[in-house]
Amino acid sequence: MSRAPGSITERRGVVVVLEDHADTRAALSETLKREGYDVFATADGIEALDRLKIVPRPCVVLLDLHLAGMSGEDFYRRQQSDPALASIPVIAVTAAPPDQRAGLGSIPVIRKPIDLDELRFAIDRVTSREKKAGPAS
């Protein structure tokens with residue numbers, strides 16, 4: 001999945017980065033753009049939920065659990081309760097210990113500090129599953 005910096009790649013889909021720390025949000029966004037993804041990045045859970053409803057449909061959400069105004073778990077519960085959004089894969093990206101992630105069920109978790117190879121692997125895994133299953137109707 002490695003590509004030369006600045007190389008032109010085939011667009012791979014939209015990733016929503018929901019992260020409250022501006023530097024982390026920017027670093028994730030730049031990394032994903034280099035990997036060929038289009039990125040929508042925000043610190044606002046409501047804005048992210050609104051974005052999930054807009055075409056093109058995101059292929060994955062990277063979700064920080066500690067957000068201002070709405071916790072990552074609140075975001076996840078709202079997303080899962082909306083039939084139009086529930087099938088969009090979510091990967092938690094957090095430093096929170098396992099006992100603080102109980103409300104997320106069995107979604108993949110990438111621990112901070114982020115290992116980029118692990119993140120790439122997790123995104124590839126959930127997006128390949130999504131392609132096999134096809135979009136929800």
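What's counted below: heavy atoms across the whole structure, side chains too, no hydrogens, waters or symmetry copies. All values derive from a computational prediction rather than experimental measurement. Starting from 1, each residue takes its place in the sequence as its number.
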Set of side chain to side chain donor-acceptor pair (under 3.5 Å) partners for [X], sequence neighbours left out:
X     : answer
His66 : none
Ser29 : none
Arg78 : none

* Asked: Can you get from Val109 to Phe121 by hopping between Ile, Leu, Val, Met, Phe, Trp and Tyr side chains that sit under 4.5 Å apart?
  ->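 As far as the 4.5 Å side-chain criterion goes, Phe121 and Val109 are not connected within one cluster.
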* Lys53/Asp82 under side-chain contact (heavy atoms from CB on, under 4.5 Å): CA gap, chis, key distance, verdict -> CA-CA 10 Å; Lys53 297 174 186 176; Asp82 184 330; 3.7 Å; yes
Looking at [X] and [Y], what are the two nearest heavy atoms and their distance?
X     : Y     : result
Gly45 : Met70 : CA-SD, 3.9 Å
Asp20 : Arg25 : O-NH1, 3.5 Å
Pro83 : Ser81 : CD-O, 3.4 Å

Report the distance from atom [atom1] of [X] to atom [atom2] of [Y], rounding to the nearest 0.5 Å.
X      : Y      : atom1 : atom2 : result
Leu67  : Asp74  : CG    : CG    : 9.0 Å
Leu63  : Ile107 : CG    : CD1   : 6.0 Å
Leu18  : Asp44  : CG    : CG    : 8.0 Å
Leu119 : Ile114 : CG    : CD1   : 6.5 Å

* Asked: With side chains defined as the heavy atoms from C-beta onward, is the minimum distance between Val61 and Phe75 less than 4.5 Å?
  ->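 Contact flag for Val61/Phe75 side chains = yes.
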* To do: Output yes when a side-chain donor or acceptor of Gln79 lies under 3.5 Å from a complementary backbone atom of Ala48, and no otherwise.
  =>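 Checked: no pair found.
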* To do: Under the side-chain contact (heavy atoms from CB on, under 4.5 Å) rule, what do Leu28 and His21 come out as? Steps first, then yes or no, please.
  => CA-CA 11 Å; Leu28 282 171; His21 190 267; over 6 Å; no
* Asked: Can you list the steps and then say if Leu62 with Ile110 is a side-chain contact (heavy atoms from CB on, under 4.5 Å)?
  -> CA-CA 9 Å; Leu62 300 182; Ile110 304 296; over 6 Å; no
* Asked: Just checking, any donor-acceptor pair under 3.5 angstrom between side chains of Ser71 and Arg77?
  ->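 Not at all, the side chains of Ser71 and Arg77 share no donor-acceptor pair under 3.5 Å.
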Return a table of donor-acceptor pairs under 3.5 angstrom between the side chains of residues 91-104 and protein atoms on other chains or two or more places apart.
from: Thr94; atom 1: OG1; to: Ala96; atom 2: N; distance (Å): 2.9
from: Arg101; atom 1: NH1; to: Ala96; atom 2: O; distance (Å): 2.9

* Listed partners of Pro56 passing side-chain contact (heavy atoms from CB on, under 4.5 Å), at least two apart ->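 side-chain contact (heavy atoms from CB on, under 4.5 Å) list for Pro56, sorted by chain: Val14, Arg51.
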* To do: Could you pull out all residues at least two apart from Asp115 that satisfy side-chain contact (heavy atoms from CB on, under 4.5 Å)?
  =>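 Only Asp117, Glu118 meet the side-chain contact (heavy atoms from CB on, under 4.5 Å) criterion with Asp115.
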* **Within residues 104-113 or reaching into it, pairs that qualify as side chain to side chain donor-acceptor pair (under 3.5 Å) - sequence neighbours excluded** =>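 Listed once each, the pairs are Glu19-Lys112, Asp64-Lys112.
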* side chain to side chain contact (heavy atoms under 4.5 Å, CB included) partner of Arg12, chosen from Asp38, Thr127, Ile123, Asp124 ->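 Option passing the side chain to side chain contact (heavy atoms under 4.5 Å, CB included) with Arg12: Asp124.
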* Asked: With Asp50, which residues qualify under salt bridge (charged side-chain N to carboxylate O under 4.0 Å, His left out), at least two apart?
  ->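 So Asp50 forms no salt bridge (charged side-chain N to carboxylate O under 4.0 Å, His left out) with any residue.
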